[in-house]
Q: 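Please read through the structure below; I'll follow up with questions.
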Amino acid sequence: MKFLLGYLKEFKKESILAPLFKMLEAIFELLVPLVMASVIDVGIARRDPAYIMRMCVVLVLLGVTGLAFSITAQYFAAKAAIYTAAGMRRDLFSKIMRLSFAGHDAAGASLLITRITNDVNQISNGINMVLRLFLRSPFIVFGAMIMSFIVNAKAALVFLVVIPVLGLVVYLIMRSTLPMFRRIQKGLEHITASVGENLEGVRVIRAFCRQKEEQREYEGLTEDLYQRQMKAGRISALMNPVTYVVVNLGVVAVLWFAADQVQEGVIAQGEVVALTNYMSQILVELIKLANLIVLITKALPSVGRVREVMEMPEDERKKPAETAKAGTAEGSSTAEQIVFENVTFCYPGSGEPALEHISFQVKRGEMLGIIGGTGSGKSTLLNLLVHGYERTSGTIRLNGRDIDDWTDREIARCIGTVPQHATLFAGTIASNLLMGRENITSEDLRMALDAAQAREIVEKKEGKLAEPVLAGGKNFSGGQRQRLTIARALAGKPEIVLLDDSASALDLATEAALRGALRELPWRPTLVVVSQRASSVLSADQILVLDDGQMMGIGTHRELLENNETYQEIYYSQYPREEAANA
Ligand code: ADP
Ligand code: MG
């Protein structure tokens with residue numbers, strides 16, 4: 001609640017004016033039956049057309065003013081609701097951008113998308129209706145009751161019975177439908193998640209011919225939702241008939257009581273009409289109130305869900321550049337460019353460390369190869385270097401400076417990363433290579449494309465560098481995507497280049513050419529090359545052997561081949577002994 005008020009605070013004026021204007025509107029509405037009464041009792045009784053005309057003008061004036069107030073209220077309520085939603089979305093988006101990798105792992109994309117769209121919409125609707133109704137509805141209910149007492153206290157006694165009965169009916173129906181609405185909401189979320197997953201994996205589903213099963217599963221989910229909706233709908237449908245019966249019984253009672261009094265001249269006919277009008281106003285307002293409660297019960301959990309995202313852990317090191325120590329990002333004199341000292345890392349929520357006691361040093365301009373089976377922690381190690389995750393213990397130094405003292409911006413300038421999963425964004429080849437960096441010349445781009453063996457990809461495309469790229473790079477093959485992401489990393493001429501299994505989709509000849517080109521780069525960057533193929537790291541100055549998060553050894557190819565069992569195993573599985581002997 002406090003969370004929500006924080007947002008509404010910015011729209012204090014709107015949040016106060018909207019209900020206030022709604023209340024003014026309500027006052028005008030309450031006056032209408034009184035005017036009607038006098039039209040009947042005075043105008044019609046005396047057969048005075050002039051009076052009736054005057055009162056009709058008053059009625060129109062009341063209506064127009066009421067409408068004006070109502071529109072004003074609607075305007076303020078909508079403004080507060082929409083701007084709050086906009087602010088919330090903005091904050092959510094920037095929060096999502098700041099989330100640590102661990103936060104992204106925990107949340108997942110489809111969840112974050114529903115939070116930023118559906119939940120925020122739900123909240124916005126809730127705010128809008130609350131601002132409009134929370135003062136107005138009780139005001140009309142009690143106002144109408146008081147007005148009816150003013151009109152005729154005796155006949156108004158009926159109200160004292162009807163209102164509690166109406167309230168009770170609404171309450172009972174709400175009580176049984178609210179949990180149902182909550183379950184419907186859950187079912188809806190389920191379906192959204194399932195559809196999202198299906199769309200992402202549509203190729204896999206086709207490949208395994210699972211369309212029928214997926215269809216059945218989807219039908220099961222929708223059928224379930226349908227049943228829930230029907231059940232809730234049937235009970236909700238009782239609301240109108242039951243309340244109308246109660247109200248009409250009330251009207252009958254009012255007429256019953258009033259009839260005698262009209263005969264006796266205690267109560268005027270017009271006043272009876274006014275009383276029945278008040279009765280139906282109360283009914284309408286109670287039904288609105290019930291709908292409001294449904295909306296609130298939908299919106300409140302959404303507030304909780306948005307808050308949950310807002311409170312997810314961020315990477316604390318993402319502080320702005322000026323707070324960090326004066327940059328030694330470039331031109332540092334330390335020869336050891338990357339230093340790991342006894343680094344251990346555990347993924348949040350997992351007991352087993354993904355990396356344990358890792359120590360090594362890489363000198364400027366050298367090449368470090370990292371080899372190990374899948375799941376041995378290779379990608380994790382690279383992620384620790386680029387602020388993806390924070391190590392659990394140990395020290396990591398870049399250019400002699402602790403990794404925690406680096407800002408993300410500095411890291412991004414110093415390290416060019418090629419992630420294991422080659423991701424391109426919708427746009428053009430050029431926009432993907434530049435990634436918003438303005439200091440990259442077309443000379444740099446050409447050099448990067450050449451080194452990444454990606455020039456032919458660009459040249460084969462009709463639009464060259466302006467060739468459009470679809471979302472996720474769908475119009476490029478896996479190998480093309482890999483080469484373009486390599487070119488993207490090289491274009492900024494980073495001091496350090498990290499390649500995470502980046503040649504896995506390349507044929508051996510292209511990979512060999514890539515390897516040669518990387519060693520020939522004019523500014524001689526430090527290279528960290530992760531691979532499962534021994535051939536990719538053979539020529540490295542040092543090779544780090546990982547197995548199940550443990551460092552099995554480090555050394556040159558020759559050294560490891562002589563005395564490292566894990567390395568021998570990997571190597572000989574790829575180059576059978578005889579062949580290796582000939583090589
Ligand atoms: P590699 O790149 O060598 O194939 P990874 O570094 O990706 O291996 O994974 C090392 C270990 O960490 C694996 O056991 C994997 O299950 C685990 N792991 C990887 N990513 C995550 C993650 N985001 N959350 C939790 N555990 C993870
Ligand atoms: Mg990996």
Side-chain angles (χ1 to χ4, degrees), residues 18-34 36 62-63 66-67 69-70 73-74 77 125-153 155-182 232-258 272-300:
L20 225 58
F21 273 96
K22 266 299 191 192
M23 230 155 83
L24 287 175
E25 183 210 358
I27 293 176
F28 283 90
E29 237 178 275
L30 286 175
L31 289 176
V32 168
L34 285 187
M36 280 304 294
L62 282 179
L67 182 68
F69 283 140
S70 167
Q74 232 85 305
N125 280 343
I127 293 175
N128 196 352
M129 290 314 276
V130 166
L131 288 183
R132 277 152 60 171
L133 289 179
F134 86 102
L135 275 186
R136 182 198 142 95
S137 292
F139 185 81
I140 291 245
V141 172
F142 289 105
M145 195 147 103
I146 291 165
M147 294 303 271
S148 58
F149 271 95
I150 292 173
V151 171
N152 184 288
L157 285 177
V158 177
F159 281 63
L160 282 186
V161 180
V162 171
I163 292 178
V165 172
L166 272 182
L168 188 72
V169 170
V170 172
Y171 169 77
L172 285 179
I173 290 174
M174 300 286 312
R175 204 183 62 172
S176 56
T177 51
L178 273 187
M180 290 183 198
F181 283 128
R182 266 189 224 120
R234 276 197 203 105
I235 299 183
S236 299
L238 281 178
M239 182 90 93
N240 277 351
V242 174
T243 44
Y244 274 101
V245 166
V246 175
V247 164
N248 282 309
L249 285 179
V251 170
V252 170
V254 166
L255 292 177
W256 182 284
F257 279 116
V272 179
V273 173
L275 285 177
T276 55
N277 271 343
Y278 283 130
M279 189 80 84
S280 50
Q281 278 188 3
I282 288 171
L283 168 75
V284 170
E285 249 10 84
L286 277 178
I287 289 177
K288 276 193 201 163
L289 208 56
N291 289 332
L292 177 65
I293 295 171
V294 171
L295 256 181
I296 292 178
T297 50
K298 279 188 191 164
L300 279 185

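Please read all numbers here as calculations on a predicted model, not as lab measurements.
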Q: Pick out which of Val247, Ile287, Val242 makes a side-chain contact (heavy atoms from CB on, under 4.5 Å) with Leu166.
A: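 By the side-chain contact (heavy atoms from CB on, under 4.5 Å) criterion, Leu166 pairs with just one of Val247, Ile287, Val242: Val247.
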Q: Hey, does Leu283 have a side-chain heavy atom less than 4.5 Å from the side chain of Val246?
A: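 The answer is no, as the side chains (C-beta and beyond) never meet within the 4.5 Å cut-off.
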Q: For Leu157, which residues count as a side-chain contact (heavy atoms from CB on, under 4.5 Å) partner, sequence neighbours excluded?
A: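 For Leu157, the residues satisfying side-chain contact (heavy atoms from CB on, under 4.5 Å) (neighbours in sequence not counted) are Phe149, Leu160.
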Q: Going by ring-ring contact (aromatic ring centres under 6.0 Å, His included), name the residues that satisfy it together with Phe28, two or more places apart in sequence or in a different chain.
A: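 ring-ring contact (aromatic ring centres under 6.0 Å, His included) list for Phe28, sorted by chain: Phe69.
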Q: Quick one: side-chain contact (heavy atoms from CB on, under 4.5 Å) partners of Ile296, sequence neighbours excluded?
A: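 Result, side-chain contact (heavy atoms from CB on, under 4.5 Å) vs Ile296: Val130, Leu292, Leu300.
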Q: Using side-chain contact (heavy atoms from CB on, under 4.5 Å) as the criterion, list what pairs up with Leu135, not counting sequence neighbours.
A: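 Here the qualifying residues are Pro19, Met23.
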Q: With a 4.5 Å heavy-atom cut-off, do Val141 and Phe159 have their side chains touching?
A: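 Not touching, per the 4.5 Å side-chain cut-off.
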Q: From Leu289 CG over to Met174 CE, what is the distance, rounded to the nearest 0.5 angstrom?
A: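 Going from the CG atom of Leu289 to the CE atom of Met174 covers 8.5 Å.
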Q: For Gly66, does its backbone N or O pair with a side-chain atom of Ser70 as donor and acceptor, under 3.5 Å?
A: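 No; judged by distance alone, with no hydrogens or angles, the pair does not exist.
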Q: If you measure from CD on Glu29 to CD1 on Ile140, what distance do you get to the nearest 0.5 Å?
A: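 Between atom CD of Glu29 and atom CD1 of Ile140 there are 4.5 Å.
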Q: Please, which pairs that meet side-chain hydrogen bond (donor to acceptor under 3.5 Å, both in side chains) have at least one residue in residues 282-299, sequence neighbours excluded?
A: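 side-chain hydrogen bond (donor to acceptor under 3.5 Å, both in side chains) check on residues 282-299 returns Arg136-Glu285, Ser137-Glu285.
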Q: Inspect the surroundings of CZ in Phe139 and state if more than 12 heavy atoms from other residues, nucleotides or ligands are less than 6.0 Å away.
A: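 Check passes, neighbour count above 12.
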Q: Mind jotting down which residue pairs meet the salt bridge (charged side-chain N to carboxylate O under 4.0 Å, His left out) criterion with at least one end in residues 272-282? Sequence neighbours excluded, please.
A: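 Residue pairs with at least one partner in residues 272-282: there are none.
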